[in-house]
Each structure stands twice: as C-alpha cells, then as structure tokens.
Novice: 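Got a structure here, written out as structure tokens. Questions coming.
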Amino acid sequence: MSLVPRTDPDRIGFDPARLARIDEHFGRYVDDGRLAGWQIVVTRRGEIAHSATYGMRDREAGLPVEPDTIWRVYSMTKPITSVAAMMLWEEGRFELTDPIGRWLPEFADVRVYDKGPVTKPYTVPAVEPIRIWHLLTHMSGLTYGFAQVSVVDGLYRAAGFDLGVPAGADLAAASRGLARLPLLFQPGAGWNYGVSTDVLGRLIEVVSGQRLDEFLAARIFRPLGMADTGWWVEEADAKRLAALYFPHPATGQAIRADALGRLALAAPDFLSGGGGLVSTAADYHRFTQCLLRGGELDGVRLLGPRTVRFMTRNHLPDGRDLASYSPAGFAETVLDGIGFGLGFAVVQDPVPSRVPSSVGEYYWGGMASTAFWVDPVEEVTAMLFTQLMPSSTHPLRPQLRQLVYSALVD
C-alpha cells in the first residue's frame, strides 16, 4: 500500500509548513548520530497528511530507510493480540470475567509474592483468580523479568524469563513456566506491565484451536492486507529489515545491537503475543485505520464499533490513572492523566502530562522506540518507526505529539 499523501494537508486541517517541522526536528536525531533512521506517518480522516523517511535502516550497510522498511514493533504487538482476543469474545467464546484457569489449567492455583528475598521468597494463595480482563488491562500480577525492580522480577530472571523465555520453550511451555512463578500482587489489586499479553496469546491458541501466528494471519493480517507482518522476516526480505541499535552509554550515539537484532531473521519457538511482531508502516497503518473506523476497513470488519469504544475506555478501577499505581521503573508511557483499557493506554486528561492530545486518545509503543496513537476526536492517527532500545532513551513520543498537534490548525 502506498503511503504517499494524495491530498493537500491544509484541506484536512494541517499547516504544511508546520508539518515540515516534524522532519526538521527528528532529522537532527539522525544527523547527530542518536538515531540511525526513522519513518513517520500522520493521517487525518483516513487521508495521509504527512509521510516521511530519513536516515538509514542499516547504517553500517549503507541502506536507507525506505517506505517498505520492516521494523521490529515489539510491544506494538500487544494491541493486535488484544484485538484478536476481543474478536473471540465477540463470538461468545468467553466472558471477560472468566478465570483463565478454565483454559490454562496451570493458572488454576497461582500464588502471590508476600515477602522475602529471591533466594527464599514467601508466597500466599491468590484470593482471586486471574481473569481474562486482568490480562487485557495488565492487572494480573504478572511482570517482566527485565524490569529489575521487584523480587518477583528477580525470580523471573532466575527461571529464564528475562528479555525472552527459557531456550526452546514454545508459547505453551512458557505459559506453564510463568504459572509456576508467584504473582507480584493479588489479581485485580494493582497495575503492572508484564507478560500478561503473552499469556493472552496462549489463551487465544487454546480457545481457537490454532497457533497464534496462524490465527492472527487468518483473522487479521490477511483480511487487512498486512502482508509484511509476522514473527520473523523471510530470507528474501531480510535486507528490508532495519538494524537494531542501543545508545552508547558515554556518547549517546546509536550503536548496533547485532545479536538481538538477528532474532527476527528466523522463526522463533516462542510466539510472543506481547512483543514478537515485525511490521511495516503500511501494514500498521492498515491496523490503525481499522481502529479509527470502529473496527472496519475496506469492507473487512474485525470488531464492532461498540467493542472498539469499550476497549479504549479506561478500565482501571475507580477511574484512576497509571500514576496512582506508580509502577516503578516503567517508561513505556507517561503516567499522569493516563488510564488503561483493554490493550491500550487511554488519555484521561492531557494536562498532567504537559503534552497536547485529546481525551479518549489511545495508543501504545514498542521497546525499540516505535509508537502509534489513534485520536478519535480529531480523527488523527500517527506512527513513528525507528529501532533504538530502550524506548526511554529519548522523548521521541511526546515530541511527535507536540509537533503533530501544533500543526493541526483548523
């Protein structure tokens, strides 16, 4: 699909000169070496207002970012997996209040961390089962080992769940392994970013009777025409894959991360529903446009519009924001004024974050600094693709919002 704008930006409310500031600003990140390259797409009312690439997808090989560059989207996998789960929910295959132990018996009798060190943790029984809505909202008590904040994170790492899963584990084996580890808190009692969406992916497999990659390909990717989205890149397309980078600790220059970057070039044992996909701007654009249109695009309907609206409301108890849970070390989004729905962060009040946006805007990002948002009020979508990890290295996401909304002048 072409991402070339086919309309004048001013016809859909954007000032072209102000949109040009986006390229100027983010171009400086490449020119001074902090990023290798990037791709940005902004739309309004289903029409592309701004589409640009800059720099190199593989700086060492001298390969520029091109419109069909393939990017590791990491946690931007989560909204897709969440949509897949809600497609099954719309079919009546489960209720959001159902305990996940009904399909994943390994989670039928989980325990919760109470006190003690990694070497001798003390746990207590869960008083509430993990329910499907807990997975979708990250209120399950599951965590990430690489967070390196809590004792439970340390237990994850000791069990082989750090940036990945134990060697050779598939999604089923990983789910069983995670169920043996204690929860960070009682299900529903807190919010913590973690492997909830990976477990949700396993639940999709069991409920649907298909592998997660097969289900997403059959029900989302092929119907929407997302031909370049999957868990790995085939050999014929390997040169289109952007290289992965991390910042030099002293200079801040983008340094290539070869070992981690090569993982996307082969089919994985573990199909991560929380962070495993690669995609292109054109493909993810199809997904965001489907969301903006209430679950339908070009005659293909994934979800009903009321389901999309339900998913993109704040589901945190008592209307609280993420800041009220204060997840230590969390850097995937701002916390003040931000709620969380079923697979998406949701703007409750843009003022506390000091960045313009609309109430009801929903979004997420990935570990390599990718990001997207959908603003149903202004009918705007925006996407940023680059490959620098971690995502907290530079304030790319708030800066893109700042530049996009200041260019909207109608």
Side-chain angles (χ1 to χ4, degrees), residues 9 12-15 17-29 34-35 38-45 49-50 52 54 73-76 78-79 138 191 193 284 288 291-292 312-316 319-341 343-386 388-410:
I12 49 176
F14 280 105
D15 181 324
R18 286 173 169 258
L19 282 175
R21 296 173 179 175
I22 296 173
D23 299 356
E24 295 168 6
H25 176 77
F26 286 97
R28 290 191 284 270
Y29 276 99
R34 289 174 291 168
L35 295 176
W38 50 257
Q39 184 171 11
I40 293 172
V41 180
V42 181
T43 81
R44 194 176 197 206
R45 299 173 188 146
H50 186 74
Y54 194 81
V73 299
Y74 286 116
S75 287
M76 281 167 57
K78 288 180 173 70
H138 292 280
W191 187 92
Y193 195 51
Y284 215 89
T288 61
L291 293 171
L292 180 65
T312 55
R313 294 184 63 180
N314 183 20
H315 284 247
L316 300 182
R320 295 162 68 185
D321 66 3
L322 292 176
S324 67
Y325 291 97
S326 300
F330 182 70
E332 193 67 48
T333 185
V334 295
L335 305 175
D336 295 298
I338 305 300
F340 206 87
F344 305 88
V346 184
V347 176
Q348 296 292 101
D349 182 355
V351 173
S353 69
R354 306 294 186 262
V355 180
S357 54
S358 297
V359 174
E361 176 183 301
Y362 53 96
Y363 65 92
W364 205 237
M367 182 169 60
S369 302
T370 58
F372 82 96
W373 78 78
V374 176
D375 182 342
V377 176
E378 299 287 358
E379 298 179 88
V380 166
T381 71
M383 303 182 300
L384 165 66
F385 297 92
T386 188
L388 183 78
M389 57 187 299
S391 62
S392 57
T393 305
H394 304 299
L396 305 176
R397 295 162 180 169
Q399 288 173 354
L400 182 60
R401 275 189 173 83
Q402 179 178 336
L403 290 159
V404 168
Y405 282 106
S406 64
L408 194 58
V409 295
D410 67 354

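Nothing here was measured: the structure is a model prediction, and the numbers come from that model. All values below come from the heavy atoms of this structure, side chains included, with hydrogens, waters and symmetry mates left out.
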Novice: If we only count heavy atoms from C-beta on, is the Leu316 to Asp321 side-chain gap below 4.5 Å?
Specialist: no
Novice: Does some side-chain heavy atom of Arg354 sit less than 4.5 Å from a side-chain heavy atom of Val351?
Specialist: yes
Novice: Calculate, to the nearest 0.5 Å, the distance between atoms CD and CD1 belonging to Gln348 and Ile338 respectively.
Specialist: 8.0 Å
Novice: Would you please name every residue forming a ring-ring contact (aromatic ring centres under 6.0 Å, His included) with Tyr284, sequence neighbours left out?
Specialist: Phe287, Phe372
Novice: Is there side-chain contact between Leu322 and Phe340, with at least one heavy-atom pair below 4.5 Å?
Specialist: yes
Novice: Would you please indicate yes or no on a ring centroid separation below 6.0 angstrom for His50 and Phe14?
Specialist: no
Novice: Can Arg397 be said to sit on top of Tyr363's aromatic six-ring, NZ or CZ under 6.0 Å from centre and within 45° of the ring axis?
Specialist: no
Novice: Minimum heavy-atom separation for Thr312 to Phe344, with atom names?
Specialist: CG2-CD1, 4.1 Å
Novice: Which atoms form the tightest heavy-atom contact between Arg401 and Ser357, and what is the distance?
Specialist: NE-CB, 4.2 Å
Novice: Check whether any side-chain heavy atom of Arg44 lies under 4.5 Å from a side-chain heavy atom of Asp410, and answer yes or no.
Specialist: yes
Novice: Measuring centre to centre across the rings, with the benzene-like ring taken for any Trp, is Tyr74 within less than 6.0 Å of Trp364?
Specialist: no
Novice: Can you tell me how far apart CG (Leu388) and CZ (Arg34) are? Round to the nearest 0.5 Å.
Specialist: 10.5 Å
Novice: For residues Phe26 and His394, determine if any side-chain heavy atom of one lies less than 4.5 Å from a side-chain heavy atom of the other.
Specialist: no
Novice: Over all heavy atoms of both residues, which pair between Ser75 and Gly365 is shortest? Give the atoms and the distance, please.
Specialist: CB-O, 3.2 Å
Novice: Taking it one step at a time, do Leu396 and Trp38 satisfy side-chain contact (heavy atoms from CB on, under 4.5 Å)?
Specialist: CA-CA 11 Å; Leu396 305 176; Trp38 50 257; over 6 Å; no
Novice: Closer than 3.5 angstrom, by distance alone: can the side chain of Ser369 be matched with the main-chain N or O of Thr386 as a donor-acceptor pair?
Specialist: no
Novice: Can you tell if the side chain of Leu335 reaches within under 4.5 Å of the side chain of Tyr325, non-hydrogen atoms only?
Specialist: no
Novice: Could you tell me which non-hydrogen atom of Leu408 sits nearest to which non-hydrogen atom of Ile12, and how far apart they are?
Specialist: CD1-O, 4.4 Å
Novice: Can you find a pair of side-chain heavy atoms, one from Trp191 and one from Ser324, that are under 4.5 Å apart?
Specialist: no
Novice: Please round to the nearest 0.5 Å and tell me the distance separating atom OH of Tyr362 and atom CG of Asn314.
Specialist: 15.0 Å
Novice: Evaluate the side-chain contact (heavy atoms from CB on, under 4.5 Å) criterion for residues Thr381 and Asp375: first the C-alpha distance (whole Å), next the side-chain angles of each, then the deciding distance (0.1 Å), finally the verdict.
Specialist: CA-CA 6 Å; Thr381 71; Asp375 182 342; over 6 Å; no
Novice: From Glu379 CD over to Arg45 CZ, what is the distance, rounded to the nearest 0.5 angstrom?
Specialist: 6.0 Å
Novice: Please report the C-alpha distance between Phe385 and Val73 in whole Å, then the side-chain angles of each, then the deciding distance to 0.1 Å, and finally whether the side-chain contact (heavy atoms from CB on, under 4.5 Å) criterion is met.
Specialist: CA-CA 8 Å; Phe385 297 92; Val73 299; 4.0 Å; yes
Novice: If you compare all heavy atoms of Ala49 against all heavy atoms of Leu19, which two are closest, and at what distance to 0.1 Å?
Specialist: O-CD1, 3.7 Å
Novice: Using side-chain heavy atoms (C-beta onward) and a distance below 4.5 Å, is Pro350 in contact with Val359?
Specialist: yes
Novice: Which heavy atom in Pro395 sits nearest to a heavy atom in Tyr29, and how many Å separate them?
Specialist: CD-OH, 3.9 Å
